[in-house]
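Notes follow the structure.
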Protein chains: 2
Amino acid sequence: MSPAHMTIGEVAGRSGLPAKTIRYYEDIGLIRPLRGENGYRSFRESDLHKLAFLGRARALGFSIEDCRTLLELYEDNARESAQVKQVAQQHLAQIEEKIAQLQAMHETLSHLVHACAGDSRPDCPILADLGSGGSDCHTS
Amino acid sequence: MSPAHMTIGEVAGRSGLPAKTIRYYEDIGLIRPLRGENGYRSFRESDLHKLAFLGRARALGFSIEDCRTLLELYEDNARESAQVKQVAQQHLAQIEEKIAQLQAMHETLSHLVHACAGDSRPDCPILADLGSGGSDCHTS
DNA sequence: CATAAGGGTTCCAGTCACTGGAAGGTCAAG
DNA sequence: CTTGACCTTCCAGTGACTGGAACCCTTATG
């Protein structure tokens, strides 16, 4: 029931991506929709499919360049799955690194927040820590 | 033993911040170092102290605007610790949200990576998932 | 037929927190 | 006097969009 060709608004609705983002993806060469006589972009089912692919890859945190690579591999029937796995594993490692960084921040900051009275008095272990550079955690 | 005034290279070394970053912090009004006759920035101990404060706050992931607020509170002896705590708690909530997002990505992606043979064959559950949108995890 | 609404188009600027680089001034040592 | 290591300013780029202006196309209505 889908028409053979769709406008940007339609693929935006179907893919869940904003129209602005879709134009941007064309700008950087991730997709190449056709053009109608009036200059409007004309998307095929295959374009919509690519956009959905991109949306899911982005949702998993892959960079645009990774997405470009993954899309190429997706379209290449002679790819080796090892290539895909390598990209995914590197990204996974980055995610793990970020999680570790954030958890370290969380650890420190939650201690400080817990130690702060949060009342009308000026004494504040959070500022004390930022000002002195050392956690007073186990200093009596 | 520290001189009364320091050059940007010296405070960079002592604070651990790149000179470029320190100039940027002056640009956006976080610090206001003096100037010598030759036009060089001339940093007091108090400037160095602020830079160290900023470096630690940034290391905890606070945005520049949060840092500006925290620095103002730090300098204000009549602050209420509740104000500091609120900023820190909001940031903590953001950190928690980011961790949750990253962990969700990690969950999905690690399953996919594990399911991918990573050999010379083209079959790849990672691409299959990105292309179809559903995890085949529990579909037999 | 004019017009208004609701699409679409392009292009430019802004986000965030830097970072790199060019072009040039200053200073101490050899 | 030159070399080299500093310092200065200013401009451009990063990633991945996002907002807005100014304009075109199509359809429906008064």
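A quick note: this is a predicted structure, and the numbers were derived from the prediction, not measured. Protein chains get the first letters and strands the later ones, always in sequence-line order, with residue 1 at the start of each.
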Under 30°, 30 to 60°, or over 60°: which ring-plane class applies to H49(A) and Y74(A), parallel, tilted or perpendicular?
-> parallel
Going by modelled atom types, is there a donor-acceptor pair between the base of dG25(C) and the side chain of Y40(B) at under 3.5 Å?
-> yes
Are any of the side-chain heavy atoms of M6(A) and E45(A) separated by less than 4.5 Å?
-> yes
Name the nucleic acid region contacted by I8(B), choosing base, sugar-phosphate or nothing; use a 4.0 angstrom heavy-atom cut-off, strictly under.
-> sugar-phosphate
Determine the contact category for R23(B): base if any of its heavy atoms lies under 4.0 Å from a base atom, sugar-phosphate if only primed atoms, P, OP1 or OP2 are that close, otherwise nothing.
-> base
R68(A) vs dG15(D): side-chain N/O to OP1/OP2 distance below 4.0 Å | no
Separation of atom CD in E26(B) from atom P in dT9(D), rounded to whole Å = 7 Å
Separation of dT9(D) C1' from Y24(B) OH (nearest whole Å) | 17 Å
Between T21(A) and dT18(D), does any side-chain N or O lie under 4.0 Å from OP1 or OP2?
-> yes
Closest approach of A117(B) to S81(A) (non-hydrogen atoms, all atoms of both residues) = C-OG, 4.3 Å
Which atom of Q103(B) lies closest to which atom of Q103(A), heavy atoms considered | NE2-NE2, 3.5 Å
What is the distance, rounded to the nearest whole Å, between atom CZ of R35(B) and atom P of dC7(D)?
-> 12 Å
Distance below 4.0 Å between R41(B) side-chain N/O and dC7(D) OP1 or OP2 | no
Find the distance D27(A):CG to dC12(C):C1' and express it as a whole number of Å.
-> 13 Å
Against the side chain of I64(B), the closest entry in dA16(D), dT9(D), dC18(C) is dC18(C)
Check whether any side-chain nitrogen or oxygen of T7(A) sits under 4.0 Å from OP1 or OP2 of dG8(C), and answer yes or no.
-> yes
Does D119(A) pair with R121(A) as a salt bridge, N-O distance under 4.0 Å?
-> yes
Between L60(A) (CG) and dA16(D) (C1'), how many Å, whole number?
-> 17 Å
Identify whether any heavy atom of F62(B) sits under 4.0 Å from a base atom; if not, whether one sits that close to sugar-phosphate; answer base, sugar-phosphate or nothing.
-> nothing
E10(B) CD - dC6(D) C1' separation (whole Å) | 12 Å
NZ of K20(B) versus P of dC6(D): gap in Å, rounded?
-> 16 Å
Length of the line joining Y25(A):OH and dC17(D):C1', which is rounded to integer Å = 8 Å
At under 4.0 Å, does any side-chain N or O of N38(B) touch on OP1 or OP2 of dC27(C)?
-> yes
